[in-house]
Amino acid sequence: MMQIMAQGSFRRIVRDAARAALAACIWSAPAEAQDRLPERGKLIATAGLIQVEGAGGGGLAPWALITGYGTRDAVGANVHGTVVRVTNFTLSTLGAAVGLYDRVELSYARQFFDTGATGRALGLGGGYQFSQDVFGAKLRLFGDGILDQDSWMPQVAVGLQYKVNDRAAVLRAIGAKSDQGVDFYVAATKLFLAQSLLLNATVRMTRANQAGILGFGGDRSDAYHPEFEGSAAVLLSRSVAVGAEYRTKPDNLRFARESDWYDAFVTWLPTKAVSVTLAYVNLGSIATRKNQEGVYASLQLGF
Amino acid sequence: MPAFSLASRTVAVLVLAATLLAAPARAGTLYDELGQRAGLTRIVDGMVHRALLDPRIKDTFDDANIERLRGLLMLQFCVLTGGPCRYPGRGMKAAHADLNLAPRHFNAMVETLQDAMDAEGVPFWTQNRLLALLAPMHRDIVAARSAAKPGAAP
Ligand code: HEM
């Protein structure tokens, strides 16, 4: 009986909270935003893509741009699916993200790391899979990286990614200190329009091993490390961009060295609603398996 | 964890890429590349024509003197791109103050200009050099706060 009551009131609380949140969003919206969804007020490609942990960015690095095509007067949102197929492993990500008034970005992604046949060799069992939830939030601080073409001032944002891995026991066995962790980052992004060039630099404070797939902190180091993530993209037309990225990583675990990641990508944006990204990606050494290189493919749908 | 040497290497590569892109040999000014007065006139006509058909912004031009606007836009682009013109019109703040323009209107106008330049066969990278000169004007053209409707009192 108590339980039923507790459940009932829990449901009611959740329901009321959801209603209140919805109402707050609608009322706090600028009056004109309510009858104009989707707005799609940004220029094509200037909303960026979605990076591998679900935040607005390139493929590997979060950028300072707020995802979605909503300007300061509107909300934008998208869903994406990404597959990274390297020599021994496959990392798949599904996620959704919203951009609020070109100021705040909230994202969620679920990552599945499939060890395939290598899982057995590693003693995990064939087809062993790690998965993790990534909850992201980003706040744009200052700068307009797209339109302020008369200054060098980039757009700057801070963000965090709270990650929860579902394989606590195995993570402990390989030397990781925790099955969850928070990354903090600051990103600076600038479009050099006269050069058709977009540059991004991100510094991430992290304890994550292989972005959290192999847990957080380790028997070699359990401290936060500053890591650098750089992206450069050249716009070839309104619907095609090519670029490259580099992401440094910590090296916290004794059992396996961890290497930096890099990629070279091409993105096609036939409309503001769709983007397709294909990349060559090199993830270096993962869980004692060297030369993890392969293909990155991502599809994004939204407004 | 060689984060910083890698960071500096990455920055070096990015700067190199930027320099290479910024420095292709060019004949004359952007004004010449856009076809001088004749080319700019066609681009501006195409842009205004599209703006007047665009449901996102066409109402804004209800009270405007379109002939005058065309002429002034052409002269403004001419001056900006290094051509031998003089711009006799109003400043951007004064010209757009009563229109209550939001970021989406500004970007819609940019898209009409892009479409007009596409129609004139202006190469994409040349287009972006003109857009880079216009983009900062958003600070004067877009209203500090968005109103319910463009043209309406806030
Ligand atoms: C980079 C963007 C823009 C540039 C370079 C630009 C340039 C100009 C120029 C040179 C004039 C003439 C000034 C004068 O009357 O003395 C003008 C007027 C005008 N512009 Fe813009 N403009 C831009 C964006 C926009 C946008 C986004 C809209 C509306 C959606 C707009 C609507 C108008 C209207 C309606 C007038 C006529 C005002 C009047 O006759 O009183 N403009 N603009």
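Each chain gets a letter, A, B and so on, in the order its sequence line appears, and its residues count up from 1.
In B:Asn65, the CG atom is crowded: over 12 heavy atoms of neighbouring residues, nucleotides or ligands sit closer than 6.0 Å. Heavy atoms from other residues, nucleotides or ligands lying under 6.0 Å from CZ of A:Arg103 number more than 12. Counting heavy atoms of neighbouring residues, nucleotides and ligands inside a 6.0 Å radius, atom CG of A:Asn291 does not exceed 12 of them. Taking a 6.0 Å sphere around CZ of B:Arg70, one finds it holds more than 12 heavy atoms contributed by other residues, nucleotides or ligands.
Your options are B:Asn128, B:Leu133, B:Thr126, and the one with the most heavy-atom pairs under 4.5 Å with chain A is B:Asn128. Chain B forms more heavy-atom pairs under 4.5 Å with one residue of A:Leu236, A:Ile146, A:Leu147 than with any other, namely A:Leu147.
Both the backbone and the side chain of B:Gln114 come within contact range of chain A, with heavy atoms under 4.5 Å apart. With a 4.5 angstrom heavy-atom cutoff, A:Leu191 does not touch chain B via any of its atoms. Both the backbone and the side chain of A:Arg238 come within contact range of chain B, each with at least one heavy atom under 4.5 Å from a heavy atom of that chain. Only the side chain of B:Arg139 comes within less than 4.5 Å of a heavy atom of chain A; its backbone N, CA, C and O stay farther away. Of the atoms belonging to A:Asp102, not a single heavy atom falls under 4.5 Å from chain B.
The nearest pair of heavy atoms linking B:Ala132 to A:Ala194 is CB-N, 3.7 Å. The two residues A:Leu43 and B:Asn107 have their closest heavy-atom pair at CD2-O, 3.5 Å. Nearest heavy atoms, B:Ala144 versus A:Arg72: O-NH1, 3.3 Å.
Side chain of B:Trp125 to backbone of A:Leu235: a donor-acceptor contact under 3.5 angstrom is found. No donor-acceptor pair under 3.5 Å is formed between the side chain of A:Asp150 and the backbone N or O of B:Pro136.
Note that the NE2 atom of B:His138 and the CD atom of A:Gln149 stand 9.0 Å from one another [nearest 0.5 Å].
Remark: A:Lys272 engages B:Glu111 in a salt bridge, criterion side-chain N to carboxylate O under 4.0 Å.
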